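Note sheet for the following structure.
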Amino acid sequence: MSDSSLNDMAEILINQLDRRKIFPPSYNNPEELINPSKTSRSKGPPRPPNGFLLCRKNVHKEARLKGICNMRVISKVTGMLWRSASTEEKETYEKLSAQVNNLHSQRYPGYKYRPSARQKTQQPYIVPQTTTNIEIFPTLPIQIMNPQQQPIIYQTNNSLDFAPDFVPNVYQFSQFTQEELASFYYYLSI
């Protein structure tokens, strides 16, 4: 879904919602607001919701009655409504959140929120052995490895006056334009 269609759907939902059912909240029973969802992934007690999340639950309930169940649209509309809400309207949700927190502390006396550390899933990119660097990066200079694993770099007579001082003037750059080389050196310096 593109941003423009998301914005369009959010505008449609905002026009369909009855703001009086959201501010003050019509879904305001702390007992119902503390129940863990059926799809809860964690095995421990649920985390108590803050005022914004309680507002989102109200928007979700009203949107479902209007036949809209797209969570991205509901989240966008909730953010729009929350930002436009007055301090008094937000305080109503914060008071409801305090009631839910009190009930939560009674049900789960030793509860303390302990987020689990996310594992890094991003692996470094490794160039496959079957391809060469020139196939992947056609604008970069080629380095060929000799049997002693030392890079062999072809010497050129052209002076590169735009190159940084730390780069030796030993590359063969005839297949590259000055613009490509400038970009290459720029990315090396980042």
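Because the structure is a prediction, the values reported are computed rather than measured.
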Check whether any side-chain heavy atom of [X] lies under 4.5 Å from a side-chain heavy atom of [Y], and answer yes or no.
{"X": "Y27", "Y": "E62", "result": "no"}
{"X": "E11", "Y": "K76", "result": "no"}
{"X": "H104", "Y": "R47", "result": "no"}
{"X": "P46", "Y": "Y108", "result": "yes"}

Say you draw a straight line from [atom1] of [X] to [atom2] of [Y]; how long is it, rounded to the nearest 0.5 Å?
{"X": "N58", "Y": "I74", "atom1": "CG", "atom2": "CD1", "result": "12.0 Å"}
{"X": "L81", "Y": "I14", "atom1": "CG", "atom2": "CD1", "result": "4.5 Å"}
{"X": "R72", "Y": "L6", "atom1": "CZ", "atom2": "CG", "result": "5.0 Å"}
{"X": "L13", "Y": "N70", "atom1": "CG", "atom2": "CG", "result": "9.5 Å"}

May I have the list of side-chain donor-acceptor pairs in residues 92-99 shorter than 3.5 Å, sequence neighbours left out?
{"residue": "T92", "atom": "OG1", "partner": "E88", "partner atom": "O", "Å": "3.0"}
{"residue": "Y93", "atom": "OH", "partner": "I22", "partner atom": "O", "Å": "2.4"}
{"residue": "S97", "atom": "OG", "partner": "P49", "partner atom": "O", "Å": "3.0"}

Should we say atom NZ of K90 is surrounded by more than 12 heavy atoms from elsewhere, each under 6.0 Å from it?
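Result for NZ/K90: enclosed.
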
Applying side chain to side chain contact (heavy atoms under 4.5 Å, CB included), can you list everything that pairs with F52, at least two apart in sequence or on another chain?
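So F52 forms a side chain to side chain contact (heavy atoms under 4.5 Å, CB included) with N50, T78, W82.
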
Can you sort out the partners of N29 under side chain to side chain contact (heavy atoms under 4.5 Å, CB included), two or more places apart, ordered by chain and number?
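Side chain to side chain contact (heavy atoms under 4.5 Å, CB included) check on N29 returns E31, E32.
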
Where do A10 and V77 come nearest, in terms of heavy atoms and distance?
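Looking at all heavy atoms of both residues, the shortest contact is O-CG2, 3.5 Å.
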
Heavy atoms only: give me the nearest P48-N101 pair and the separation to one decimal.
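Smallest heavy-atom distance, with atoms named: CB-OD1, 2.8 Å.
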
Who are the side-chain hydrogen bond (donor to acceptor under 3.5 Å, both in side chains) partners of S84, not counting sequence neighbours?
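side-chain hydrogen bond (donor to acceptor under 3.5 Å, both in side chains) check on S84 returns nothing, list empty.
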
Partners of R19 by side-chain hydrogen bond (donor to acceptor under 3.5 Å, both in side chains), sequence neighbours excluded?
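Once residues adjacent in sequence are excluded, the partners of R19 under the side-chain hydrogen bond (donor to acceptor under 3.5 Å, both in side chains) criterion are E89.
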
Linking I/L/V/M/F/W/Y whenever their side-chain heavy atoms sit closer than 4.5 Å, directly or via other members, would L54 and M71 fall into one cluster?
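Yes; M71 is reachable from L54 via cluster members.
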
Which residues share a salt bridge (Lys or Arg N to Asp or Glu O under 4.0 Å) with R20, sequence neighbours left out:
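Once residues adjacent in sequence are excluded, the partners of R20 under the salt bridge (Lys or Arg N to Asp or Glu O under 4.0 Å) criterion are D18.
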
